[in-house]
Amino acid sequence: MSDNCPVRVRIAPSPTGDPHVGTAYIALFNMVFARRHEGRFILRIEDTDQARSTLQSEEAIYRSLKWLGLTWDEGPDVGGEYGPYRQSERKETYLEYARRLIESGHAYHCFCDDERVNRVRAEQRDLTGVGRYDGHCRAIALDEARARVAAGEQSVVRLKMPQDGETVLDCPLRGPIAYPNSQQNDQVLLKTDGFPTYHLANVVDDHLMEITHVIRAEEWIPSTPKHLVLYRSFGWRPPTFIHMPILRNRDRSKISKRRNPTSLDYYRRAGILPEAMVNFLANLGYSFGDDIEKFTLAEFIEGFAIERVSLGGPVFDLDKLDWLNGLYLRDLSHEDLLDRVMTEVLSRERLAKIVPLIRERIVRLEEFVPKTEYFFSGALDYDPALLVHKKLTREQVQGALAGAVERLDSVLDWRAETLEETLREFAAEVGIKAGPLFMGVRVAVTGRTASPGLFETMEVLGRPICLFRVRDALRKLTESNGKDTAPSDRPG
RNA sequence: GGCCCGUUAGUCUAGUCGGUUAGGACGCUGGCCUCUCAAGCCGGUAUCACGGGUUCGAGUCCCGUACGGGCUACCA
């Protein structure tokens with residue numbers, strides 16, 4: 001590729017929510033690129049969004065990437081010479097660089113409140129098509145601004161975008177992309193809470209960590225000009241930017257958890273082998289051009305050429321994942337397969353959690369397997385009509401389940417008590433009785449109308465599978481809509 | 001609305017400098033194998049988004065259109 005300096009790439013996930021397949025996808029390509037060029041692969045945690053970042057999510061990222069066999073050379077957990085690798089621990093650094101920008105006239109304090117900013121943005125949008133801040137506070141003299149800040153007035157720091165000229169992003173895959181500077185917003189760099197936005201933090205860190213290539217998702221293309229302006233303002237040489245396509249749902253929208261399982265935890269729980277997942281991810285947007293689709297991570301690294309990445313947004317096709325997974329499964333020796341089953345499905349640990357729930361509901365040992373089947377399976381097969389409690393309408397159940405998913409999705413502490421509290425609260429809020437709501441959730445989660453205590457069951461089942469099943473129930477309900485009473489016509 | 005990216009079958013993709021019966025895979029489907037079902041093997045299915053150019057010749061080059069997607073935050 002470009003020059004002699006050693007390749008250094010990074011993945012910079014923000015620790016919010018479940019570990020995402022998109023994170024794994026970008027991590028994979030970064031890691032493979034680094035290994036191919038004998039460079040370094042860095043994991044940096046972008047937790048500048050204090051409201052949404054959690055340590056739990058951060059740990060899930062490590063766990064999931066390790067599960068996939070992706071490894072990094074530097075990161076918060078393994079250290080390195082360019083640390084700290086967690087942005088919340090670099091706050092002072094960003095403050096310092098923001099200060100430099102202000103002093104050199106490339107940024108300024110802005111005291112406008114939300115109301116004004118929103119109003120101006122809307123006005124600008126109607127007027128020019130580009131909704132951006134009008135630069136009102138640029139006019140404030142630095143001395144005055146400092147005095148106001150010192151006096152405790154709330155402010156943010158904004159980038160002073162050049163008013164004319166253009167910024168060109170030169171992507172090795174897509175060619176040059178030119179943006180007129182006049183279109184760009186005076187982006188906020190430092191928030192009122194003193195934390196940087198992604199824009200400042202990623203530029204400062206990428207520079208300080210000597211990142212040579214930024215391989216990230218396509219959704220970042222439009223903000224790259226701002227980053228380039230930042231590099232220029234600091235007098236730094238920008239890295240090479242390479243934008244990967246984004247993964248899509250079946251309907252071709254950007255992949256989302258509402259339309260497709262996105263949590264790596266789900267795939268693990270669903271019995272996808274990590275080597276199959278990695279291979280599958282590699283096939284999305286990449287091929288060697290030799291008709292060989294099944295290859296190991298090592299082979300991928302050995303033959304990888306970034307120029308061969310294709311740009312069309314690939315649909316995350318579960319059928320093909322399953323096919324590949326089957327191939328890998330059959331490659332395993334009996335012994336290895338048995339090991340996987342014992343650790344991933346029938347682990348003593350999992351069985352130990354099920355036993356207390358089922359002991360009072362069986363009289364013969366032989367009942368254990370048939371009565372606990374749903375603890376070990378993935379998608380469930382049942383009559384969607386079961387989801388609808390007698391006292392509710394189908395629409396009510398649909399609404400209730402949809403609401404319940406949202407609530408459940410935010411439950412990080414996946415324990416029976418928390419779950420019960422959450423769903424009872426939800427039932428009260430939307431004004432439906434707990435019983436009928438719980439029945440819907442029970443059927444969604446177990447496929448049956450009779451089960452051990454709902455919340456204990458959900459706790460044992462685990463978050464990924466429960467979330468998947470409730471969403472799946474919603475889908476079943478929607479798809480079966482209208483055809484429950486009408487006996488279908490027989491053609492011919 | 002504005003800006004940007006993308007476009008080979010239902011899906012993932014191959015197709016260097018223009019000349020291919022447009023290749024492979026998933027899916028679906030027919031068959032073989034077989035006590036069944038899988039797996040495996042053999043076969044079938046459907047595509048260059050559209051319209052103009054350039055050219056003897058265009059999936060490949062140019063222009064336009066359409067469609068899909070992304071971004072437009074004190075989220076990343």
Side-chain angles (χ1 to χ4, degrees), chain A residues 12-17 20 22-23 26 44-53 87 110 112-114 117-118 121-122 124-133 154-158 166 169 171 173-180 182-202 216-226 243-255 279-294 307-327 329-331:
Chain A
S14 60
T16 56
H20 202 276
T23 302
I26 300 298
R44 183 173 73 219
I45 294 292
E46 307 232 338
D47 56 351
T48 53
D49 183 345
Q50 286 297 287
R52 297 196 306 146
S53 298
Q87 290 187 330
C110 171
C112 295
D113 58 20
D114 285 355
V117 170
N118 291 333
R121 195 188 300 134
Q124 290 282 313
R125 194 191 141 143
D126 291 346
L127 224 63
T128 64
V130 184
R132 58 203 231 280
Y133 175 67
Q154 239 186 20
S155 68
V156 297
V157 174
R158 285 183 185 273
E166 60 177 31
L169 193 200
C171 171
L173 264 34
R174 299 167 201 258
I177 305 171
Y179 282 87
S182 58
Q183 302 250 6
Q184 300 291 325
N185 194 18
D186 277 3
Q187 189 58 237
V188 169
L189 300 177
L190 222 50
K191 307 183 243 185
T192 43
D193 66 2
F195 276 86
T197 57
Y198 170 84
H199 307 285
L200 208 220
N202 111 84
R216 69 205 333 182
E218 186 181 5
E219 57 195 335
W220 291 108
I221 292 177
S223 53
T224 308
K226 291 167 190 162
H243 291 98
M244 297 286 296
I246 54 185
L247 268 19
R248 312 286 189 96
N249 296 314
R250 274 192 177 286
D251 65 1
R252 295 205 164 276
S253 53
K254 176 172 159 179
I255 197 165
N279 195 155
F280 174 65
L281 255 17
N283 280 155
L284 299 178
Y286 194 85
S287 91
F288 286 110
D290 60 0
D291 294 344
I292 294 174
E293 293 183 285
K294 181 169 178 280
E307 319 80 70
R308 290 195 60 86
V309 169
S310 58
L311 270 15
V315 171
F316 198 85
D317 180 11
L318 268 8
D319 281 335
K320 195 140 183 179
L321 207 210
D322 279 342
W323 165 73
L324 252 184
N325 202 56
L327 251 35
L329 216 56
R330 273 170 248 122
D331 279 349

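Numbered from 1 within each chain, the chains take letters A, B, ... in sequence-line order. Scope of the values below: all heavy atoms of this structure, side chains included, with no hydrogens, waters or symmetry mates.
Applying the Watson-Crick and G-U wobble criteria (two distances, each under 3.5 Å), B:C67 pairs with B:G6. The partner of B:A39 cannot be assigned: no Watson-Crick or G-U wobble pair with both contacts below 3.5 Å exists in any strand. With a cut-off of 3.5 Å on both pairing distances, the Watson-Crick or G-U wobble partner of B:A25 is B:U11. If you check B:G18 for Watson-Crick or wobble pairing at under 3.5 angstrom, you find it has no partner at all. Using the Watson-Crick or G-U wobble rule with both distances under 3.5 Å, B:C61 pairs with B:G53.
Counting to the nearest Å, the C1' atom of B:A25 and the CZ atom of A:Phe288 are 15 Å from each other. When rounded to the nearest whole Å, the span between CD of A:Glu293 and P of B:G23 equals 15 Å. Put simply, CG on A:Asn279 is 20 Å from P on B:G24, counting in whole angstrom units. Between the CG atom of A:Leu311 and the P atom of B:C4 there is a distance of 17 Å, rounded to whole Å. One interatomic measurement links the two molecules: CD1 of A:Ile292 to C1' of B:G23, which rounds to 14 Å at whole-angstrom precision. Atom-to-atom, CZ of A:Arg250 to P of B:G27 comes out at 12 Å; the value is rounded to the nearest Å. A:Phe280 has its CZ atom 10 Å from the P atom of B:C12, to the nearest Å. If you take OH of A:Tyr286 and C1' of B:G24, they are 16 Å apart, rounded to a whole angstrom.
Applying the side chain to side chain donor-acceptor pair (under 3.5 Å) criterion to A:Arg132, with sequence neighbours excluded, gives no partner residue. Residues satisfying the side chain to side chain donor-acceptor pair (under 3.5 Å) criterion with A:Asp114, sequence neighbours excluded, are absent altogether. When the side-chain contact (heavy atoms from CB on, under 4.5 Å) test is applied to A:Ile292, the partners found at least two apart in sequence or on another chain are A:Asp290. Taking the salt bridge (charged side-chain N to carboxylate O under 4.0 Å, His left out) definition, one finds that A:Asp251 meets it with A:Arg259, sequence neighbours left out. For A:Asp193, there are no side chain to side chain donor-acceptor pair (under 3.5 Å) partners, not counting sequence neighbours. A:Arg52 pairs by the side chain to side chain donor-acceptor pair (under 3.5 Å) definition with A:Asp49, not counting sequence neighbours. In this view, A:His20 satisfies the ring-ring contact (aromatic ring centres under 6.0 Å, His included) rule with no residue, not counting sequence neighbours. Under the rule for a ring-ring contact (aromatic ring centres under 6.0 Å, His included), the partners of A:Trp220 that lie at least two apart in sequence or sit in another chain are A:Tyr198.
We find the OG1-CG distance between A:Thr48 and A:Leu200 to be 10.0 Å, quoted to the nearest 0.5 Å.
When the P atom is compared between B:G18 and B:G1, the two are found 38 Å apart, to the nearest whole Å. Here the separation of B:U45 from B:C37, taken at their P atoms, is 26 Å to the nearest Å. Comparing B:G59 with B:G23, their C1' atoms are spaced 13 Å from each other, to the whole Å. Taking atom P in both B:G44 and B:C26, the straight-line distance is 14 Å, to the nearest Å. Taking atom P on both nucleotides, B:A9 is separated from B:U47 by 9 Å, rounded to a whole Å. If you take atom C1' in B:C32 and the same atom in B:A38, they sit 15 Å apart, rounded to whole Å. When the P atom is compared between B:C4 and B:G64, the two are found 12 Å apart, to the nearest whole Å. Nucleotides B:A58 and B:C17 have their C1' atoms positioned 14 Å apart, rounded to a whole Å.
A:Asp47 and A:Pro15 get closest at one heavy-atom pair: CB-CG, 3.8 Å.
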Enumerate, atom names and distances included, each donor-acceptor pair closer than 3.5 Å involving a side-chain atom of residues 308-318 of chain A, sequence neighbours excluded.
from, atom 1, to, atom 2, distance (Å)
A:Arg308, NE, A:Ser287, O, 2.9
A:Arg308, NH2, A:Ser287, O, 3.4
A:Arg308, NH2, A:Phe288, O, 3.4
A:Ser310, OG, A:Gly285, O, 3.4
A:Asp317, OD1, A:Arg250, NH2, 3.3
A:Asp317, OD1, A:Asp319, N, 3.1

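If you check every strand for non-hydrogen atoms under 4.0 Å, A:Arg308 touches sugar and phosphate atoms only.
Across residues 318-326 of chain A, A:Asp319, A:Lys320, A:Trp323 each have a non-hydrogen atom less than 4.0 Å from an atom of RNA chain B (numbered order).
The side chain of A:Asp291 lies closest to B:G23 when the candidates are B:U13, B:G15, B:G23.
A heavy-atom distance below 4.5 Å is found between the side chains of A:Glu218 and A:Arg174. Side-chain contact check for A:Val156 versus A:Leu190: every heavy-atom pair is 4.5 Å or farther apart.
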Could you write out each protein N or O paired with an N or O of nucleotides 62-66 of chain B at a distance under 3.5 Å?
none

B/S/- along nucleotides 67-76 of chain B (protein heavy atoms under 4.0 Å) is -SSBSSSBBB
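Applying the 3.5 Å distance criterion, the base of B:G2 shares no donor-acceptor pair with the side chain of A:Gln183.
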